[in-house]
There are 2 protein chains.
Amino acid sequence: MHNQAELAYRRLRERLIAGRYNPGDRLTELGICEDLGMSRTPVREALRRLQSDGLVASTGRGVVVSSLSEEDMRHATDLQGALEALAARLAATAQRDGHLSPAQMRQFEAAGRHVEERGAAGDVEGTWKANLDFHMMLARLSGNPLLEDALERIWARFSIVSRSNISRRTRLNAVHHAMIVRAISEGDPEAAACAAADHAREASITYSRNLASGD
Amino acid sequence: MHNQAELAYRRLRERLIAGRYNPGDRLTELGICEDLGMSRTPVREALRRLQSDGLVASTGRGVVVSSLSEEDMRHATDLQGALEALAARLAATAQRDGHLSPAQMRQFEAAGRHVEERGAAGDVEGTWKANLDFHMMLARLSGNPLLEDALERIWARFSIVSRSNISRRTRLNAVHHAMIVRAISEGDPEAAACAAADHAREASITYSRNLASGD
DNA sequence: GCCATACGTTATGTATACATTGAGTGCAGG
DNA sequence: CCTGCACTCAATGTATACATAACGTATGGC
């Protein structure tokens, strides 16, 4: 589809995920219309979809970029943990049963290495993107479109909040990612699920600790 | 909110969940406009939200009520299993830590009994509604709004497909529901998660067996 | 000097007109 | 009788005009 409404949705979503807007920023329909050069109808549609995604929130008068409280973050990471454990389990099962192509596994391994590499280079933005890629690829490998969609939603929400905590987690991520990759490539569903759950749990703990130590 | 768009969304969603439309039925904007007595703008908005919920699907020209293939159903139940296991775990943890009111637990127990009772009475429609209530209450008890939302979406999707398989599961449901209720009321997170996961797994197996035996 | 109220501005909610695209149909030719 | 093409019609995509509600502001009374 290449209609205006779809275009507006994609562009706004991309901007939000890229962190171009900050949580709490107010978005007005007319402002966006002017910005994107289209009328209110498709813009409204895009905003409603973003609202349904939880990326923006209604305020009675217009929408604002969603901000996640510490509690929201905990809820999101709880959900993420369960979803990624399932994704890892399904991916490992698929690998075990020979339903994953070698090319897919290679790409996944490469994604894991890429996160590590960007982290080592001290590239915060690149690390975040690579991390996102890694987790999206995991979601994809699960072979479950609903699960993939749910994980995309969660990660989109993560993306609009501060990324400052990412850099400190690099070393930990590398170990966890490697464990997930290994368990999946070996076709071990239980180990994969555990590794994914551990990863999410650790990330959640590290996040709250970083918050406590003053953002 | 009591605007037209919200009203249209709620009414259409209710109809879909009540099974008033059948999977594959075509919905036209103008038809709904006439039906609900409003203009296309709020109707369009409602349809887009339903599309985002996965209850209707775009066909290039208009939307149709979503139909779930056997594979879709498997994906949905996989996801449901993981989500309900988490919900049960969180609910049991909350109960263990004294964050659940006695009134909530009583309501939840009553919901479980109500499913059993409707099932014993041979009331297929009532059993389905009671079952939905039970699972929605479980989602609520988790205390995680994101999780609750995700489960609402899943169950809404279940609701638009045939319910003929529900009646045969009554006895099994009763046992599983009782196990979930008990584990939560005792504040045992692991047992609750296992019971919920088992329930989903069993339901999924029963469903495919019913399909195989000719709907 | 401060608070309350009334007004103007602005943004959203809704309706409708116009443009566009795709599907169904009927007719003609083979 | 079947097939292919063109045409009609209907439904969606988009723009815009109008209605309405909320926010900020200014003014007047206390």
Side-chain angles (χ1 to χ4, degrees), chain A residues 1-16 20-67 69 149 156-157 160, chain B residues 1-17 20-69 149 156-157 160:
Chain A
M1 298 226 290
H2 51 290
N3 55 7
Q4 304 267 68
E6 177 72 16
L7 189 67
Y9 173 70
R10 282 215 281 255
R11 290 185 48 187
L12 289 174
R13 188 174 191 274
E14 193 180 358
R15 287 187 191 181
L16 285 163
R20 184 156 153 191
Y21 301 129
N22 292 318
D25 281 2
R26 182 146 171 249
L27 299 177
T28 69
E29 292 179 4
L30 284 152
I32 298 167
C33 289
E34 206 173 334
D35 215 7
L36 300 182
M38 59 183 75
S39 85
R40 281 180 57 211
T41 309
V43 168
R44 276 178 70 80
E45 194 166 309
L47 284 177
R48 291 336 245 272
R49 284 179 69 183
L50 292 169
Q51 202 174 331
S52 166
D53 289 344
L55 298 185
V56 302
S58 173
T59 60
R61 174 99 148 186
V63 297
V64 295
V65 178
S66 292
S67 52
S69 68
D149 191 66
R157 291 179 85 127
I160 61 174
Chain B
M1 299 224 289
H2 51 288
N3 55 7
Q4 304 267 67
E6 177 72 17
L7 189 68
Y9 173 71
R10 283 214 281 254
R11 291 186 47 187
L12 288 174
R13 188 174 191 274
E14 194 180 358
R15 287 188 192 179
L16 285 163
I17 289 177
R20 184 155 153 192
Y21 301 128
N22 292 320
D25 280 2
R26 182 145 172 250
L27 299 178
T28 69
E29 293 178 4
L30 283 151
I32 298 167
C33 289
E34 207 173 334
D35 214 8
L36 299 182
M38 58 183 75
S39 86
R40 282 179 57 212
T41 310
V43 168
R44 276 178 69 78
E45 197 166 295
L47 284 178
R48 290 339 243 271
R49 284 178 69 183
L50 293 169
Q51 201 173 330
S52 165
D53 291 344
L55 297 185
V56 302
S58 173
T59 59
R61 178 94 150 185
V63 298
V64 296
V65 178
S66 292
S67 52
L68 274 66
S69 68
D149 191 67
R157 292 179 84 129
I160 62 174

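Throughout, a chain's letter reflects where its sequence line sits, starting with A, and its residues are numbered from 1.
Across the protein-nucleic acid pair, A:Leu30 atom CG and D:dT16 atom P stand 12 Å apart, rounded to whole Å. When rounded to the nearest whole Å, the span between CG of B:Asn3 and P of C:dT12 equals 14 Å. One atom, CD of A:Glu45, and another, P of C:dT12, lie 16 Å apart when rounded to the nearest Å. Rounded to an integer number of Å, the gap from B:Glu29 CD to C:dA15 P is 14 Å.
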All N/O donor-acceptor pairs, side-chain side in residues 32-39 of chain B, below 3.5 Å, sequence neighbours left out:
from	atom 1	to	atom 2	distance (Å)
B:Asp35	OD2	B:Arg15	NH1	2.8

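The nucleotide whose nearest atom lies closest to any side-chain atom of B:Ala5 is, among C:dT14, C:dT12, D:dT12, C:dT14. For A:Arg61, counting side-chain heavy atoms from C-beta on, the closest listed nucleotide (C:dG22, D:dC23, C:dT14) is D:dC23. Distance from the side chain of A:Met38 is smallest for D:dA15 among the nucleotides D:dA15, C:dG22, C:dT14. Minimum atom distance to the side chain of B:Pro42 is reached by C:dT14, of the listed C:dT14, D:dT12, C:dT10. Out of C:dG13, C:dA15, D:dT14, the shortest distance to the side chain of B:Gln4 is found at C:dA15. Minimum atom distance to the side chain of A:Thr28 is reached by C:dT12, of the listed C:dG13, C:dT12, D:dT14. Minimum atom distance to the side chain of B:Arg40 is reached by C:dT16, of the listed C:dT12, D:dA15, C:dT16.
For B:Glu6, the side chain to side chain contact (heavy atoms under 4.5 Å, CB included) test picks out B:Met1, B:Asn3, B:Arg10, B:Arg49, with sequence neighbours left out.
Closest-nucleotide positions on DNA chain C for B:Gly37 and A:Val63 were compared, and the one nearer the 5' end corresponds to A:Val63.
B:Arg44 has its side chain out of reach of A:Arg48: every pair of non-hydrogen atoms, C-beta onward, lies at least 4.5 Å apart.
The shortest heavy-atom contact between B:Leu55 and B:Arg157 is CD2-N, 3.8 Å.
Under 4.0 angstrom from either OP1 or OP2 of C:dT12 there lies no side-chain N or O belonging to A:Arg48.
Counting any heavy atom pair closer than 4.0 Å across all strands shown, A:Thr41 reaches a base atom.
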